[in-house]
There are 2 protein chains.
Amino acid sequence: MRKRICARHGKDYPCSCGMGNLYRFVEPVVLLLLKMKGKTYGYDLSAALEGHALTDTTIEKGVLYRTLRRLETNGNVKSEWETEGRGPARRVYRLTRQGEQHLEEWAAVLEHLSKSMTRFVRDARKPVTSKARADR
Amino acid sequence: MRKRICARHGKDYPCSCGMGNLYRFVEPVVLLLLKMKGKTYGYDLSAALEGHALTDTTIEKGVLYRTLRRLETNGNVKSEWETEGRGPARRVYRLTRQGEQHLEEWAAVLEHLSKSMTRFVRDARKPVTSKARADR
DNA sequence: ACAATATAGGTGTTATGTACACCTAATCGC
DNA sequence: GCGATTAGGTGTACATAACACCTATATTGT
């Protein structure tokens, strides 16, 4: 839908920034990082998300904190304040059993989605049929 | 986020219906179908979407009609009323040059997304490291 | 002749998710 | 003491999806 020009990647790179409010898959990526790290907190996740996001855009920090809260409300993660160590207190998150299962669900959904998208790309690049060309 | 139980696929099939308001990719799928068909109208697209949607859910008819209008506003498709033939009048859509380009952009974006998702799935199914297990 | 169904194209409203801007507070380095 | 870094947010507007509901024109069955 290209409402604005992408400031991060310029107009040559086919990034997703210009395609409207594309879903950023913050929830599944956060669940995966929590699985890999064992435990973390928002500020740390914010940096790690750079390398693990599914789309090209930086995942917005406000969205991240709200996603963590929502995951906790739904029982997928649990948190506690950690005042030990250097710097300001951190709210440390861990996956719950239910959160691990939810990640598995996401994996199944994204596996399916990934295949559908590959099929889409193949079809989109096929030359148009003679009938479609005539109807155009 | 599983706000409700999926009515279409039951609770055993890992469909995307239960994962919250997942992006349905209506815009790119509509662009692809228009490319394949040469020209079509909303009611016909509504049926064709069943077989081409990227997610498991049926694409909602209200969303479809609004998407077609938005695509026209942005210059990606053009339409005209067709009163010939049987049944009520149809608003017939065709891709514009710009619409074809927009479809190519979508293909590039979804190709990238598809690869990221495949990587995600692989990572999500990896056994947790001993460090992560200890931190849990 | 008339009712039910299929075809066709919508609108209204709410919920969910993203984007961008802005804020508070503790601690660290100098 | 003071700016930078670390940490965790909130406010608000906009985009998209979900669900419910509506209008009108043919076609088909009885």
Side-chain angles (χ1 to χ4, degrees), chain A residues 1-8 16-30 40-49 53-74 79-93, chain B residues 1-8 16-30 40-49 53-74 79-93:
Chain A
M1 238 193 66
R2 196 166 288 286
K3 291 174 305 299
R4 66 190 86 72
I5 290 155
C6 168
R8 265 178 298 272
S16 51
C17 312
M19 311 310 269
N21 265 4
L22 197 58
Y23 195 93
R24 302 301 175 192
F25 301 96
V26 181
E27 184 176 297
V29 174
V30 166
T40 4
Y41 51 100
Y43 195 79
D44 180 53
L45 279 169
S46 187
L49 280 168
L54 298 183
T55 62
D56 297 299
T57 53
T58 315
I59 285 172
E60 216 275 313
K61 177 167 100 61
V63 172
L64 169 62
Y65 284 114
R66 276 187 267 240
T67 299
L68 284 166
R69 290 298 194 82
R70 195 185 57 210
L71 282 168
E72 184 156 33
T73 305
N74 293 322
S79 76
E80 50 189 323
W81 283 100
E82 190 180 83
T83 46
E84 313 293 300
R86 60 189 80 259
R90 279 147 284 187
R91 190 192 282 271
V92 175
Y93 290 91
Chain B
M1 240 193 64
R2 195 163 289 284
K3 291 172 307 297
R4 65 189 87 71
I5 291 153
C6 169
R8 265 178 297 273
S16 51
C17 311
M19 311 310 268
N21 266 3
L22 197 56
Y23 195 93
R24 301 302 175 192
F25 302 95
V26 181
E27 184 176 297
V29 175
V30 166
T40 3
Y41 51 101
Y43 195 80
D44 181 53
L45 279 168
S46 187
L49 280 168
L54 298 183
T55 62
D56 296 299
T57 52
T58 313
I59 285 172
E60 217 274 315
K61 179 167 97 65
V63 173
L64 170 61
Y65 283 114
R66 276 188 266 241
T67 299
L68 283 166
R69 290 298 194 83
R70 197 186 55 211
L71 282 169
E72 184 155 32
T73 303
N74 293 323
S79 76
E80 49 188 325
W81 283 100
E82 190 180 84
T83 45
E84 311 294 299
R86 62 188 79 256
R90 279 146 284 186
R91 191 191 281 272
V92 176
Y93 289 91

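Small disclaimer: the values here were computed from a predicted structure and weren't measured. Numbers restart at 1 for each chain; the letters A, B, ... are given by sequence-line order, proteins then strands.
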Practice item. May I have the distance from Leu68(B) (atom CG) to dA8(C) (atom C1'), rounded to whole angstrom? Key: 13 Å
Check your understanding: By side chain to side chain contact (heavy atoms under 4.5 Å, CB included), which residues pair with Thr40(B), not counting sequence neighbours?
Key -> Leu34(B), Lys37(B), Asp44(B), Leu45(B)
Check your understanding: side-chain hydrogen bond (donor to acceptor under 3.5 Å, both in side chains) with Glu82(B): which residues, sequence neighbours excluded?
Key -> none
Revision key, fill the gap. Of Val92(B) and Ile59(A), the one whose closest nucleotide on DNA chain C sits nearer the 5' end is Val92(B)
Revision key, fill the gap. Side chain to side chain contact (heavy atoms under 4.5 Å, CB included) filter on Arg69(B), not counting sequence neighbours, yields Arg91(B), Tyr93(B)
Practice item. Using atom CZ of Arg69(B) as one end and atom P of dA8(C) as the other, report the distance to the nearest whole Å. Key: 17 Å
**Study point:** Polar side-chain atom of Arg90(B) near backbone of Gly42(B) as donor-acceptor pair, under 3.5 Å
**Key:** no
Practice item. Using whole Å, report how far CD of Glu60(A) lies from P of dC14(D). Key: 16 Å
Review point. Whole Å only: how far is the NZ atom of Lys61(A) from the P atom of dC22(C)?
Key: 13 Å
Practice item. Please confirm whether the backbone N or O of Leu54(B) pairs with a side-chain atom of Arg24(B), one donor and one acceptor, at under 3.5 Å? Key: no
Check your understanding: Taking CG from Leu64(B) and P from dT11(C), how many angstroms apart are they, rounded to a whole number?
Key -> 13 Å
Check your understanding: Does the side chain of Tyr41(B) get closer than 4.0 angstrom to OP1 or OP2 of dA8(C) through an N or O atom?
Key -> yes
Review point. Does dG9(D) have OP1 or OP2 sitting under 4.0 Å from an N or O in the side chain of Arg91(A)?
Key: yes
Check your understanding: For Glu80(A), what residues pass the salt bridge (charged side-chain N to carboxylate O under 4.0 Å, His left out) criterion, not counting sequence neighbours?
Key -> Arg94(A)
Exercise for review: Whole angstrom is fine here: how far is it from OH in Tyr23(A) over to P in dA15(D)?
Suggested key: 19 Å
**Study point:** Base dG17(C) to side chain Arg24(B), donor-acceptor N/O within 3.5 Å cut-off
**Key:** no
Review point. Among dC20(C), dG9(C), dT13(C), which nucleotide sits nearest the side chain of Arg66(B)?
Key: dT13(C)
Exercise for review: Take the protein atom OH of Tyr43(B) and the nucleotide atom P of dT7(C), then report the distance between them rounded to whole Å.
Suggested key: 4 Å
Exercise for review: Mind running a 4.0 Å heavy-atom check of residues 82-90 of chain A against DNA chain C and sending the residues that fall below it, in number order?
Suggested key: Arg86(A), Gly87(A), Pro88(A)
**Study point:** Which residues share a ring-ring contact (aromatic ring centres under 6.0 Å, His included) with Phe25(A), sequence neighbours left out
**Key:** Tyr23(A)
Point to revise | Between dG10(C) (C1') and Arg70(B) (CZ): distance, integer Å | key: 16 Å
Study note, to complete from the structure: Contacts of Tyr93(B) and Phe25(A) projected onto DNA chain C by closest heavy atom; the upstream (5') one is Tyr93(B)
